[in-house]
Structures are given as structure tokens and as C-alpha cells.
Amino acid sequence: MSVASDTDSTPQRGGIMRLWYDSEARQVIIQIFTIAVIFALVGYLIHNAAANLDAIGKTLGFDFLFQPANYDINQSFLEYDSRSTNLKAAAVGLINTFLVAGLGILIATVVGFIMGVLRLSKNFLMNRLVYCYVEGLRNVPVLLWILLMHGFIVTNLPSPKQALSLNDSFFFSNRGINMPSPDPHPLFWATIIVFLLGIIGSLIFKNYAKKVQDETGKILPVLYVSLGLIIGLPLIVYFLTGMPLDWNTPAMQGFNFKGGYVVKPELIALTLALALYTSAFIAETVRAGILAVNYGQTEAASALGLRNNRTLQLVIIPQAMRVIVPPLTSQYLNLTKNSSLAIAIGYMDITATLGGITLNQTGREMECMILVMAIYLCISLAVSGFMNWYNSSIKLIER
Amino acid sequence: MKLKSILVAGAALAMTATVANAATLEDVKASGELNCIVTTGLVGFAYTDANGRWNGFDVDFCRATAAAVLGDGDKVKFVPTTGKTRFTALSSGEGDLLYRNTTVTMSRDADLKLTFLGVNYYDGQGFMVNKALGVTSAKQLNGASVCIQTGTTTELNLADYFRAQGMSYEPVPIETNEEARTNYLSGRCDVYTTDASGLAATRATFENPKDHILLPEIISKEPLGPAVRQGDDAWADATRWVLNALIEAEEYGITAANADEMAANPPNPNIARILGAEGNYGEMIGLDNQWALRAIKAGGNYGEIFDRNLGPNTEIGLERGLNALWSNGGILYAPPIR
Ligand SMILES: N[C@@H](CCC(=O)N[C@@H](CS)C(=O)NCC(=O)O)C(=O)O
């Protein structure tokens, strides 16, 4: 209160109110209040949850993670059985989440970019078809797509005994796709090493080609050389070493196929539904990104004598990417979070294991939900962190 | 300052609104409606008929309880739940009484903080397969794809059983009985496993029930019983004795049809106590003396409820078996009302 009293000449409004009439101080006050409200709300929620847990005599604890899960999981990339711990079950689920999210993002991006470019096609039929694709997919809730795909596979494909076979090594049935798995001999390592060397080699060549182009303007055939190094060379080594790779073909045995890999209907349905649904949004993003590049850029490029595809590659796409990447990030995040709809068709992701069966069998709702939410948060932050990095690496460098 | 007081007032308001209430009996009476947790749909146990009315074995116990507590068997709101959501629905207060094919187990009682009221159906886990597979025993199921409902004792028993037999299987987890039915019929799984009663009930809804058989192995004990939240003894007492009264009623031959008359002229003191002609048993559990009379009139005694919903004359066609009265060779046995 004394602040106001011993100062100066201008007429004063009394005491603390003076702060309110100073716009800077007012902002600070408002922010302090906002933060206080947020803290109070969070605190209240925590307090309320704790009180309610207390009232029914439950305590918070994470011991259950180290006890046997007691249930089986049908798709696991880790050594897992019903005696493994709940933590292991959660890990299995997390990997399954990564798998759908990763595959989904990959397919969605490829399909989305193609559709986005085709959407700008001057061919009327193409243009309309892609328009229908986009509007059809994105205007139906993704959950319905997931259920539809799963229902389609499960009811329309034949039973394993009557499976459709391709070349007697790929089998399509309502239990999924069975395919041969590779069974490498020791000598196969040679092929793998040459393959890795090929990748390194083509990177070096790419740098070299850029240097040559900078210095002399000559364009070297980077694509063909890279393909030769990465695919051609390893193939030659593979045949020279006497094809040291066997295939484990699936064969019908009892109720199901044995041997090889199996891609279950749940994984197929979930991945395709998420990927195609998201690809519709990505297509629109890509279209918007390309349209955002001023047509003058195209004209300038052709005035310089660049061919059409070079114009696209060197002028349009780099500029369009700056518009595309931020919304693309949201689409990736959406796809990742939507993958938790897995539960609707029994795909065992992190929501179905830790947030589903473990939660239910142990009754640790609070703990499991906190963990599952934290995990999704981490995944999302990692995805957006990566995309932000990518975004800043392609942004306009002003000289 | 104003903001702060608004905040405090708001918080206090929210606080009073969410404080967990332990006096369920009073709450149910005050609201005039019993929220009863049942399945999402299992013919014979709890399902909605063509007119949208809930029917079934578990449903009738809910109605009997509403009749005892509220005086009207129709004052029930059914809360459909999956195997996974049922306990959360109970402990969060979405429902006050759980009648949902729920197996009494130690961890559910002690760790999930439920109070079980007794057993209304003695069951065990079985397997159903298509006859065309030519399977006659569960021991021949090595490598099969098995449909299971998640969040149930079923999935735990199944893992143990296959492990003990040294067999492998592909679990196909699903949420509801309806999904299990479609997955099983479309051939996504070779086998459907759940409580044997549930299998019989599900099979009854197939187009050709005769094409499917239940395998002889019963791999677990599944005593199915109602539950309430732990720590509310008054509510547990009231609901527990409604169940007991319906079983006792069968023992003493009290039916929906003759209950009124027996209440007027009780043939023996046991019946007099049950029907409120003698003593003040209703008051002991916070109800009036006609509590059991109303419960029995709502849908009959245990035997009547069983016969109407599950018995040999229904599509499901289950024998009483273990669920016959102790005096008829079964193990159904209710403590006396006295
Ligand atoms: N008794 C077991 C299984 C209960 C269960 O989920 N039963 C199934 C079939 S018998 C059911 O009621 N399904 C109805 C639904 O899907 O809502 C348990 O308590 O965990």
C-alpha cells in the first residue's frame, strides 16, 4: 500500500488498484490468476480422485506391473506367454501400436501424396474420381471403416482350409494372409553387407553428383546408379554365393496354417482403414500446399527452361512442403491416436493390453489409464518433435 | 477477489456433488429407480425383446429386487455393460446392483472391492465347436483359433488350460457376446468358449443350433452371482436377502400365483416369516414387511424364473443340474429367513 503514498505529482488512484490501470501489470495479474485457476483445477481433480479411491478402499500402486498377466496375446514380437508380467504384456501392446501407426503413416503418406497430386489433374475423370475418394473416405467415421474392413475380411474370405492361394506360398483366408518367411544360411550375410555398402555408396555418389552439377552443370544419373548399387549389386552377390536363403512356406495343419508369417485380419483391417482414412486428409493438405505456390513460380521456372517434372521437383514441391508439413504432423498424430480404436476389433495394442485386459483383470483403472495416457503423450510428442525438426530443416533459408 | 470466491464456491459445489455416497438403499428409494447392471445382450440371461423390453434370468432378479425395495418391479433402469466395463460401472455408481453372469472370485471380492451377495447360477467354462470339424474333446483343440470375451475369467482359465495341456491356440479377443457370435459363425474362430450356460444360450440364437456341439470338458468353476459395492452393508443386506427369499420361496412352494393367498393364510411359520405375516424381517433390512411377497410376485420364485428363461421348455433348454435345490439333488441352498 505504501507504494502509492510517497510518490509523485500525478493524481493517483488509490493503492493496489493502480496496478490494474497499468496495462502491463494487468496482464501479469491476469496471467497469475489463470495459472492459479489451472493449478486449482488440477489439484482439485487429483484430490477428488484420491478421495474417491480412498472411499472405496483402493490404494494407488504399480506392483501389478510385475505380476503375471495370465492372459495370452495373439500377435507378439517379444517372447511372451501367459506367465509373463503385465509390464511385458504392455510392451507387446506398445510394439503392436507402433506397428499399426508406422505402417499406417507410411501408406497414408504415399497414397495421400499421390491422391493430392492427382486431385489437381486436368483430366476431368481423374479429378472427379479422386474427389469422390477423398470425400467418401473422410466423411465416414474411421471406426466404421475399421469395422467394415474387418467384417469384410472375416465374412467374405474363405476359411483356411479353402484359402485362396497364390503360387502355393501365399494364402488368403479369413484368418489373414499367410506368407513364406525367410530362413537364411550363414552365407546370406554377404548379401546383407553388400546391400548396406550399396546404401553408403549411393549416398557418396549423390554428394559427388551434386558437386559435379554445381561445378560443371552436368547432371549425373543418380537414380540409376543408386538402384544398381542398392539392388543390383546385392542380387549379384546373392546368386554368386549360391542363393543361401530358404523359404519357410506355410502349410495347413489341423485348424490353421503352420510355418511362415501371418498377417492377421485385425492388423490388415486396422492398418488399411486408418491409412486410407488419413490419406484423404493428407491428399487435401497436399493439394492445398501445391495450390499455395504462386503460379508465377511455375512461369518463372519454364522461362528458365526447366522441364515440367523438374519444375515440380525443384520449384513447386520444396515450396509446397513448407505449407504441407505442419498439417501433415497433425494427421500423423491423429492416425497414431486413432489406432487406439484397435480395441473395437480385438487388435492387441497398448489400449487393449495395458488399458484393457490388464486394467480389467487387476482392477487398477487409475494406474493403467495414467500409464496409457502418458505413453500416448510421449509418442505424440516424439512424432511432433520429429516433424518440427523436419519442418525447420526445409524452411526457407533466407540469404 | 471476486474471482477467487467464485473459484472457491465452484470447487466447493463440485466437491459436494461428487462425494461418494455409501447409503445406496436410501439413494435408490429417494430416486425411485434401481440402476441394475446387466450384459449387453445374452439371450436367456439379459436381452431386449422385439418391443425393447429387457428380459431374462438376471433381469428378473433385478426386477424382483426393485419390487422389494421400491414396490414396483418395473422401476428398474438397466445398464448394459461388457465384461470389461461392468466393474467400473458398479464402482463409479453408474449402477447400484450387478447381475451380469459374473463369476465370484477372491480377487474380485477383495481387490476389486465388490461384495458378492451369493450365487444365482452355478456354472463352468465350456467349449462350443461346429460339428463339421469332427472334434469331440477339448483335448483335440491344439492350434485352434478361439473366440473369448476379454475382461472375463474365461480368458484366464483358457490360458491356464491350454498351457496345462501343452497345446497352443490363437486367442481372438472380443468385447461382447454378439461379436463373439458373428466371429464364430463367420469362421474367424473355430471355437467359442465361455460359461456353458452362455454357450447354450448363444447357440439357441443360431439358425441351425443342431450343427454345433458343446464339448464334454468343463474346465472351471464359475459360480455366477450378484454384487454390490463394498462397504455398504445395509444395501448388501437388502439385496442379498431378496435373492435368498426367492430361493427359499421355491423350497416352500411359494409361487407368483399363490403368494397372496399364502400370505393371508400361511400354511407354516417359515412361509409366514417370508411373506411378512410374522415377525419384522423386512424392517431388519430397511424395507417393509411385504418385501419378499412383492419380490416373488414380480416374477415368481427361483424355479419359476429359471424355467421361464432357461429351462427345458425354452429354446435354451438347460437342465437344473447343480442349480436344483439342495433337497432335489442340486447345490442351491439359501440360509433360512428367521
Ligand atoms: N463368468 C465370466 C464370464 C462372463 C461373461 O462375459 N459371459 C458372457 C457370455 S456367457 C456374457 O455374458 N456376454 C454378454 C455380453 O457380451 O454382454 C466372468 O464373470 O468373467
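First the proteins, then the strands, lettered A, B, ... as listed; each starts at 1.
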Side chain from CB out, backbone as N, CA, C, O: work out which of these in A:Thr358 comes under 4.5 Å of a heavy atom of chain B, or both, or neither. neither

Cationic N near anionic O, under 4.0 Å, A:Arg175 to B:Glu170: no

Chain A contacts, top residue of B:Leu185, B:Leu156, B:Asn183, B:Leu141 (heavy-atom pairs, under 4.5 Å): B:Leu156

What part of B:Gln140 gets closer than 4.5 Å to chain A, counting heavy atoms only: side chain, backbone, both or neither? backbone

Honestly, the part of B:Phe162 sitting under 4.5 Å from a heavy atom of chain A is neither

Chain B contacts, top residue of A:Gln253, A:Lys258, A:Gln361, A:Lys161 (heavy-atom pairs, under 4.5 Å): A:Gln361

Just checking, any donor-acceptor pair under 3.5 angstrom between side chains of A:Asn256 and B:Ser145? yes

Do you know the tightest heavy-atom contact between B:Leu112 and A:Gly363? CD2-CA, 3.1 Å

Taking every non-hydrogen pair under 4.5 Å, which of B:Leu133, B:Val191, B:Asp111, B:Ile174 racks up the most with chain A? B:Asp111

Checking B:Thr152 against chain A: side chain, backbone, both or neither under 4.5 Å from a heavy atom? backbone

List the atom pairs, with distances to 0.1 Å, where a side-chain N or O of residues 149-158 of chain A and a protein N or O form a donor-acceptor pair under 3.5 Å, not counting sequence neighbours.
residue, atom, partner, partner atom, Å
A:His150, NE2, A:Glu266, OE2, 3.0
A:Thr155, OG1, A:Gly151, O, 2.4

Kindly state each residue pair satisfying salt bridge (charged side-chain N to carboxylate O under 4.0 Å, His left out) with at least one member in residues 69-84 of chain A, sequence neighbours excluded. A:Asp81-B:Arg163

For the student: nearest non-hydrogen atoms of B:Pro171 and A:Ile73, plus distance: CG-C, 4.1 Å

A:Phe255 to B:Asn142 - nearest heavy-atom pair and separation: CD1-O, 3.4 Å

Spacing of CZ belonging to B:Arg188 relative to OG belonging to A:Ser173, to within rounding of 0.5 Å: 8.5 Å

Which of B:Ala144, B:Gly143, B:Ser107 touches chain A most, by non-hydrogen pairs under 4.5 Å: B:Ala144

So which of A:Pro160, A:Ala352, A:Gly346 has the biggest tally of heavy-atom pairs under 4.5 Å with chain B? A:Gly346

Could you tell me if the side chain of A:Met348 sits less than 4.5 Å from the side chain of B:Thr150, heavy atoms only? no

Select one option (side chain, backbone, both, neither) describing which atoms of B:Glu155 are under 4.5 Å from chain A's heavy atoms. both

If you tally heavy-atom pairs under 4.5 Å against chain A, which of B:Gly187, B:Gly231, B:Gly83 wins? B:Gly187

